[in-house]
There are 2 protein chains.
Amino acid sequence: MTTRTGPGPRERLLDAAKELTYQQGVGVGVDALLKAANVARRSLYEHFGGKDGLITEVLRLSAAEDEAAYQRAMQAAGDDPRRRLLAVFDRLGDVIAEPDFRGCRYLGAELALADPGHPGHDVIRRYREHVHDLLEGELRALDHPRPSHAADQLLLLIDGTLAVGAVRPETHPAAAARQLAERILDD
Amino acid sequence: MTTRTGPGPRERLLDAAKELTYQQGVGVGVDALLKAANVARRSLYEHFGGKDGLITEVLRLSAAEDEAAYQRAMQAAGDDPRRRLLAVFDRLGDVIAEPDFRGCRYLGAELALADPGHPGHDVIRRYREHVHDLLEGELRALDHPRPSHAADQLLLLIDGTLAVGAVRPETHPAAAARQLAERILDD
DNA sequence: CAATAGATAGACCAGTCGGTCTATCATTCA
DNA sequence: TGAATGATAGACCGACTGGTCTATCTATTG
């Protein structure tokens with residue numbers, strides 16, 4: 001019988017940290033992370049240099065995944081840039097409806113990382129810029145007169161949707177934001 | 001010479017906690033709060049029963065102040081409900097521009113209080129409902145066809161503005177949100 | 001087989017966490 | 001004057017914090 005190797009300590013740690021830092025905030029203890037990942041204490045410091053390194057790497061990975069998810073949602077919506085952009089808000093509706101949705105991971109981290117020098121802040125900032133550029137590209141394809149400004153507004157709607165989704169999900173923020181997005185696209 | 005009494009320990013503690021829990025998050029240590037307030041450890045437990053009680057009371061007080069600030073901003077804008085509602089976004093622009101703006105206190109607390117049973121969650125929820133009702137009242141005065149739904153959308157814009165203001169303030173989110181708000185009012 | 005590298009468990013560290021406690025001081029009021 | 005009240009300082013508690021360390025085990029590789 002072949003020994004089923006499975007993911008190594010580094011990956012287990014990243015997976016557990018992605019989950020726990022989202023559900024409990026970046027303030028979770030190292031012990032909880034190690035226990036959830038079933039990984040030796042030392043491995044954390046070998047692979048990431050410390051808790052901050054792990055958190056930063058989790059943010060980096062999550063950002064890449066979320067960017068890919070946005071692109072996938074848009075791709076699945078076809079070729080019409082308008083439909084592709086609106087598909088983003090349909091996806092947000094699904095995200096909010098997930099049973100353990102807890103708001104925007106990046107905003108949570110941004111507010112919780114009190115040290116302004118923490119490398120996580122840069123990762124978060126870059127992520128926003130990437131999403132902005134993604135939206136702006138679609139708006140250009142739509143021949144929108146002010147694609148960058150409209151992308152800023154769509155980003156604001158996305159953030160608002162995730163914030164409201166965390167506190168008042170019963171008001172269907174994704175649908176409300178989608179209506180507002182349509183008007184931005186109509187400019 | 002009369003002994004200048006000044007605010008008592010309870011009020012000093014509330015003031016310091018309001019400031020510190022905003023700047024550093026609700027994760028600040030009790031020692032830091034006591035030191036900043038120049039208050040004996042025991043006084044915290046006498047007055048608030050513990051850290052959670054203090055945090056909850058800070059949220060309650062802040063909510064009352066912020067509701068009053070919204071009302072003041074609207075009142076200063078005159079009698080036209082449309083101007084009054086748009087004044088909210090002008091005020092948000094000022095709030096974001098404050099040098100130590102750190103995002104929405106309530107969203108930060110919502111995401112940081114991992115325990116869903118923490119009494120702070122209720123306070124936050126009620127605060128959102130109050131602001132919603134405040135907005136809805138103005139929309140009714142405007143004869144808006146769907147005042148509650150429009151209030152939900154304005155609230156979403158407010159949350160989005162504060163979120164973007166925390167990460168990308170240079171994109172002037174308050175002005176961008178104001179433009180979108182105008183369209184909601186035009187329905 | 002032997003050597004090396006990576007992962008393991010877990011002891012250990014100083015520091016901090018939220019919270020309880022005793023003792024002292026100042027004010028007010030009877 | 002004396003009792004009561006409320007605030008003070010700060011010792012103290014067990015639990016936990018992030019981080020370092022040693023020692024052991026295991027898997028690959030030469």
Side-chain angles (χ1 to χ4, degrees), chain A residues 1-21 23-59 109 112-121, chain B residues 1-59 108-109 112-121:
Chain A
M1 104 182 198
T2 49
T3 330
R4 192 72 222 92
T5 311
R10 188 188 143 93
E11 195 179 344
R12 294 205 306 276
L13 206 35
L14 283 171
D15 285 345
K18 201 177 92 181
E19 171 74 15
L20 278 183
T21 59
Q23 291 303 325
Q24 313 202 35
V26 294
V28 244
V30 166
D31 286 344
L33 295 172
L34 298 175
K35 192 175 170 186
N38 197 20
V39 151
R41 200 170 187 78
R42 174 141 199 185
S43 302
L44 192 165
Y45 294 91
E46 290 285 340
H47 285 294
F48 303 101
K51 186 191 176 185
D52 285 342
L54 174 58
I55 287 178
T56 304
E57 195 58 29
V58 164
L59 288 173
L113 296 178
D115 172 14
H118 194 290
H121 292 295
Chain B
M1 96 182 202
T2 51
T3 329
R4 193 71 220 92
T5 311
R10 188 187 141 93
E11 194 179 344
R12 294 206 306 276
L13 207 34
L14 284 171
D15 285 345
K18 201 177 93 180
E19 172 74 16
L20 278 183
T21 59
Y22 180 60
Q23 290 304 325
Q24 312 201 34
V26 294
V28 247
V30 167
D31 287 343
L33 296 172
L34 298 175
K35 192 174 171 189
N38 197 20
V39 151
R41 200 171 188 75
R42 175 142 200 182
S43 302
L44 191 165
Y45 295 90
E46 290 287 340
H47 285 294
F48 303 101
K51 185 191 176 184
D52 285 342
L54 174 58
I55 286 178
T56 305
E57 195 58 29
V58 164
L59 288 173
L113 296 178
D115 173 13
H118 194 290
H121 292 295

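We name chains A, B, ... by the order of the sequence lines, and we start the count at 1 in each one.
- If you measure from atom CG of B:L13 to atom P of C:dG19, you get 13 Å, rounded to the nearest angstrom.
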Distances under 3.5 Å between protein N/O atoms and the N/O atoms of nucleotides 22-25 of chain C, please, pair by pair.
residue : atom : partner : partner atom : Å
C:dT22  : O4   : B:R42   : NH1          : 3.3

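- The nearest pair of heavy atoms linking B:A32 to B:L20 is O-CD1, 3.7 Å.
- Within the 4.5 Å cutoff, the side chain of A:L14 has heavy atoms near those of the A:F48 side chain.
- Side-chain contact between B:L34 and B:L44: present, with at least one pair of heavy atoms (C-beta onward) separated by less than 4.5 Å.
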* To do: Check the pair B:V30, B:R41 against side chain to side chain contact (heavy atoms under 4.5 Å, CB included), reporting the backbone distance first and the verdict last.
  => CA-CA 8 Å; B:V30 167; B:R41 200 171 188 75; 4.0 Å; yes

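- For A:Y45 and D:dT17, the OH to P distance is 11 Å, given to the nearest whole Å.
- A:K51 places no side-chain N or O within donor-acceptor distance of the main-chain N or O of A:G29, the cut-off being under 3.5 Å.
- The two residues A:L13 and A:L54 make their nearest non-hydrogen contact at CG-CD2, 4.1 Å.
- With rounding to the nearest 0.5 Å, the separation of CD in A:E19 from CD in A:Q24 is 9.0 Å.
- In this structure, A:L44 places its CG atom 15 Å from C1' of D:dC21, rounding to the nearest Å.
- B:R10 comes within contact range of no nucleotide atom at all, as no heavy-atom separation falls under 4.0 Å.
- Applying side chain to side chain contact (heavy atoms under 4.5 Å, CB included) to B:V39 and the options B:H47, B:E11, B:R12 leaves one that passes, B:R12.
- Taking atom CZ on A:F48 and atom P on D:dG19, their separation rounds to 13 Å, with Å as the unit.
- Across the protein-nucleic acid pair, B:I55 atom CD1 and C:dC17 atom P stand 13 Å apart, rounded to whole Å.
- Separating the CD atom of B:E46 from the P atom of D:dT5 is a distance of 12 Å, rounded to the nearest angstrom.
- For the side chain to side chain contact (heavy atoms under 4.5 Å, CB included) with B:H121, the lone residue among B:T56, B:L113, B:D115 that qualifies is B:L113.
- Residues of residues 26-41 of chain A having a heavy atom closer than 4.0 Å to DNA chain D, listed by number: A:V28, A:G29, A:V30, A:D31, A:R41.
- Taking 4.0 angstrom as the limit, B:S43 places none of its side-chain polar atoms (N or O) nearer than this to OP1 or OP2 of D:dG6.
- In this structure, the nucleotide among C:dG19, D:dG19, D:dT8 sitting nearest to the side chain of B:R12 is D:dT8.
- Proximity of B:H47 to the phosphate of D:dG6: no side-chain N or O atom is located under 4.0 Å from OP1 or OP2.
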